[in-house]
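Taking it in order: structure first as C-alpha cells, then the write-up.
Numbers restart at 1 for each chain; the letters A, B, ... are given by sequence-line order, proteins then strands.
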Amino acid sequence: MSDESKGTAIICPACGAENLPGTLFCTECGIYLPSGGPLRTEPLPDEQEGATSRRWVQESTLGVNQLVGITIEVLESGRRVPLALEEGKEIFIGRLDAVHGIFPELDLTNDGGLGHGVSRRHARIHTKNGVCFLEDMDSTNGTYLEDERLTPYLPYELHDGDIITLGTMRLRVRLHKRAA
Amino acid sequence: MRATIDPQKDYYQVLGVTQDASIEEIKAAFRALARRYHPDSATGDAEQFRLVQEAYDVLRDPAQRLAYDRQRASLGLSSDAPLQIKSWVSASVLPALESEQLLYVMAEISPKSAQGTGEQPLNLALVIDRSTSMRGTRMENVKLAIHEFIDALKPEDRLAVIAFSDRAEVIVPSVRGTEKRRLHAAISRLVPSGGTEIYQGLMTALEEVRRYVGGRYVSHVILMTDGRTYGDEELSLIEAKRAAAQGIGISALGIGEDWNDLFLDALAQAGHGLSQYISAPSQLQRLLQQHLRGLSSVIARNLDLFVKPAEGMVLRSIYRVRPHIGPLPLPEGGAIALGHLSDESIGVLLELVVQPEPPLGEHRILRFEVEALCGNDLKRTRLRHDVKVTFTTGEVPPQEVPARLLNTLARWSVYRLQEKAWRFLEKGDTREATTLLQSAATRLFDMGQRELARVAMLEADRIDQQGAPSSRGRKQLRYGTRSLAISPADDKLRS
C-alpha cells in the first residue's frame, strides 16, 4: 500500500486540529487547508512539473532568524519602501480605497497599480518564528512569487531577492536581518 | 424497426431541440447533426452519430415519443420543469482510501430561464410591533418603509395590517392593492403603547391571510418587532409550522438590538421564511421591497428536497448557503422543506463522509430529488439530479476546487465559526468562544470583510474581558456572516 491510500488526517497548521482527508477548511479554526498535499498541487503551465513547485510551508519546518525589516522595490518606478517586520504584525499590499476603509501599508495606487491589475486588497506579508511569508488574498489577477502563481490564503516563504508579481506589477524583496 | 428507448438519455438535448419541438424541427436537427457526425465526414464521430440516430428514431414516432416522455416524467427527468438542479463537488476523482475522507457537495436549485412565470398575486399580512419601545423615530421609520411597501403593491395583491402590543388589533383587514389610501391612512394613525406579545399578533395576521389562502396567491406574513416576547414562543412556533403546512410563509424582521434572535430565527425557519436584522432605517425599506419582489416572482412553491446518499456515504451536515447561509435539519430519509423558489436560486451545501474502501470506478454517491408546485396550475413536479465521482487506486490528477464551491465554503466556514462561538459561550466557555471569534475575525479580514472582522475582534475582546458580547455585535455578526452568501460575480474572482 502506498502512503497516499492510507489517507492520514490533515493536521491544521494553525490550530493543530485533526481533519478528515478532503477537508478544505479546518473545522476548528476555519483556516483554508491545502487538502491532501500532492492532490492539491496547482498545474504549472509551461514549466517542468515538480522542479520549481513551491509548497506552502508548515510551521514545524521553520527556523529562527532575526528578521527586522523588509524593503520592497517597485521595479518599474524604482520606488523603495522600507517596512518594519514585527512578529504577528501584517503588511497589506494593495490600493488605497478610503471609501471602503482599505488602507494598505504598501499602497501601489501611484505606481500604476490599477493598470497593472493590482487589487485593492491583493496580498499580505507577515512573519512567524522569524520567517517571512507572502499570502495572496484571493486577488483578481493573482500573486506570483518567482513567477509562480500562489494559491490564495496560503503562506509562502519569502527569501531575500525574491520577485513578487501582483497582476503584472513586479516587486523585489529585500530582507534585513539583524547581525548575529 | 422499433427503436430502443432509454429514458436516462436526454434525446431532446442530443438533437438540440426543446421538448415541444415539432416533427419538422426534429427532422431538420437530425439532418444537420447526421451530416456533421457521419463517420465518413471530416467531423465524423461514430458514437455520437449512433446516439443522434437513436434519438431521432424515438422522437420521430409520435407513439414512441409519448412513451419516452412518460417514462422520463415518471423518473423525474422530464425537462418541462421550470427549475433545474446543478451540483459541484470538491473533487471529482478521489483516492480510494482505507480511511474515511470528506467530500463537499453543493447543489443549486434555480429557475431554468431568466423569465419567471410572471408576477404572482400576493396575499400578505404585515404584523407591526407597536409596543412602547417603538416610540419616536423607530416607529416613524417603520411607517415610512410601510408606506413605500403599500405603494409598490399591485392591484391584484392583498394586504392586511395588524398591530400588536399586549393585544393584537386588525388595523386594516385583508384588502386589495387598490385600496392604498385606506392602508396609508391606517398606518399614519399608528401610535405605540404597551408591551410585546408576538403570539397574539401572529395569530391575528394568520387569520386574515387564511381568509384568502389558496389559488394562485402567494401567502406570506411579515413580522416586524423590536422586543422580546415572553412565554408564548412555543405557541408561536407551533402556529408557524401549521401555517407553513398550509402554504403560508412567515418572515421576521428584528429592529434594533433587543429582540430575541434565536426565537425569530426559529420562527422564520418554521415558517419557511427569512429572519433579518434591521440596524438602519434605510435597510428596512430595502428589505421590505426585496421581500415584495421575491414573493411576486415565485416560480415554484413548497420545495421539498430529498437527499439520498448512496451506500458507503454518510451525510455529516447540510446547510442552506443561498440566498442566505443557515443550518438545515438532517433529513433522515424525509424531506427538507426549502420554501418557495423565486428568481434567486436556492443553494445547499453538504459534507459527505466517504466510508473506507469505496468501490473503484465511477459511482453515484448522492441523489438529489426536488418536489415542487410549478406553473400557474401549481402542478406537482419532480426533479432528479445525480452526483457522481470516480474512485481510483491510481494517481489522482490535480484538480481545482470549483471557484463557486470554494468561495461558498470560505463564507460558510466563517459563519460556522461564529455560530460555534455562541454555542460555547452559552455553555460558559468564554475562552473557546474568544478563540473562535478571533479565528472568525482573521478569516473575515482575509475575505475583505473589514467591518465584520472588526466587530468580531471587538466582541472577542468583550467576551474575554467581560464574559459577554454586546447584543448589537452579536447580531451584526450572526446576520452579517449569513448574508455573505456568494453572488454570481464571485465565479469570476479567481479567473
Side-chain angles (χ1 to χ4, degrees), chain A residues 1-10 12 14-15 17 19-44 49 53 90 92 94 97 100-103 119-124 126 135-142 149 151-154, chain B residues 89-91 93-104 316-317 351-354 356-357 392-401 403 405-407 409-418 420 432 435-436 438-448 450-451 454 490 492-495:
Chain A
M1 254 310 148
S2 69
D3 278 352
E4 275 170 43
S5 67
K6 282 184 195 133
T8 45
I10 301 172
C12 174
C15 72
N19 290 280
L20 282 181
T23 307
L24 290 174
F25 289 85
C26 175
T27 44
E28 289 301 318
C29 71
I31 200 173
Y32 179 51
L33 301 163
S35 79
L39 307 187
R40 291 280 311 152
T41 309
E42 304 291 335
L44 299 168
E49 241 191 292
S53 175
E90 293 171 313
F92 287 90
D97 180 353
H100 293 98
I102 301 168
F103 301 100
S119 293
R120 283 174 294 193
R121 221 182 314 263
H122 201 110
R124 63 173 177 178
H126 59 98
E135 204 175 310
D136 176 60
M137 298 181 68
D138 205 3
S139 61
T140 309
N141 296 300
R149 186 158 185 164
T151 305
Y153 300 139
L154 289 186
Chain B
V89 287
S90 52
V93 181
L94 288 94
L97 298 181
E98 289 172 350
S99 61
E100 292 183 341
Q101 59 183 314
L102 187 66
L103 184 70
Y104 301 94
R316 183 157 95 178
S317 76
E351 284 182 299
L352 208 56
V353 178
V354 181
E357 297 180 29
T392 176
T393 49
E395 199 173 325
V396 177
Q399 309 165 68
E400 288 232 1
V401 180
L405 175 57
L406 195 58
N407 280 316
L409 281 169
R411 290 159 170 76
W412 164 82
S413 73
V414 171
Y415 166 81
R416 284 227 307 194
L417 280 182
Q418 58 87 39
K420 208 163 147 190
E432 190 63 25
T435 312
L436 284 164
Q438 280 164 348
S439 292
T442 314
R443 289 357 280 170
L444 282 166
F445 203 89
D446 288 347
M447 289 163 58
R450 218 161 168 138
E451 185 51 34
R454 203 185 52 78
D490 285 343
K492 297 180 200 107
L493 266 180
R494 305 173 127 255
S495 59

## Note on the structure
Scanning both residues in full, the closest heavy-atom pair of A:Pro21 with B:Ser99 reads CG-OG, 4.3 Å
### Task
For B:Tyr104 and A:Phe25, work out which heavy atoms get closest and say how close.
OH-N, 3.6 Å
## Note on the structure
Ranked by heavy-atom pairs below 4.5 Å to chain A, first place among B:Ala410, B:Pro356, B:Ala91 goes to B:Ala410
### Message
Does any backbone or side-chain atom of B:Leu409 lie under 4.5 Å from a heavy atom of chain A? Answer side chain, backbone, both or neither.
### Response
both
### Query
With chain A, which of B:Glu451, B:Lys420, B:Gln438 has the greatest number of heavy-atom pairs at distances under 4.5 Å?
B:Lys420
### Query
Do B:Glu351 and A:Leu20 have side-chain heavy atoms sitting under 4.5 Å apart?
no
### Task
Give the minimum heavy-atom separation between B:Arg316 and A:Thr27, together with the two atoms involved.
NH2-CG2, 3.7 Å
### Task
Starting at CG of B:Leu406, measure out to CG of A:Asp138 and round the result to the nearest 0.5 Å.
7.5 Å
### Part of B:Val353 within contact of chain A (heavy atom distance under 4.5 Å)
side chain
### Query
Checking A:Arg120 against chain B: side chain, backbone, both or neither under 4.5 Å from a heavy atom?
neither
### Summary
Rounded to the nearest 0.5 Å, the CZ atom of B:Arg443 sits from the OH atom of A:Tyr32 at a distance of 11.0 Å
### Query
Does any heavy atom of chain B fall under 4.5 Å from the side chain of A:Ser119, the backbone, both, or neither of them?
neither
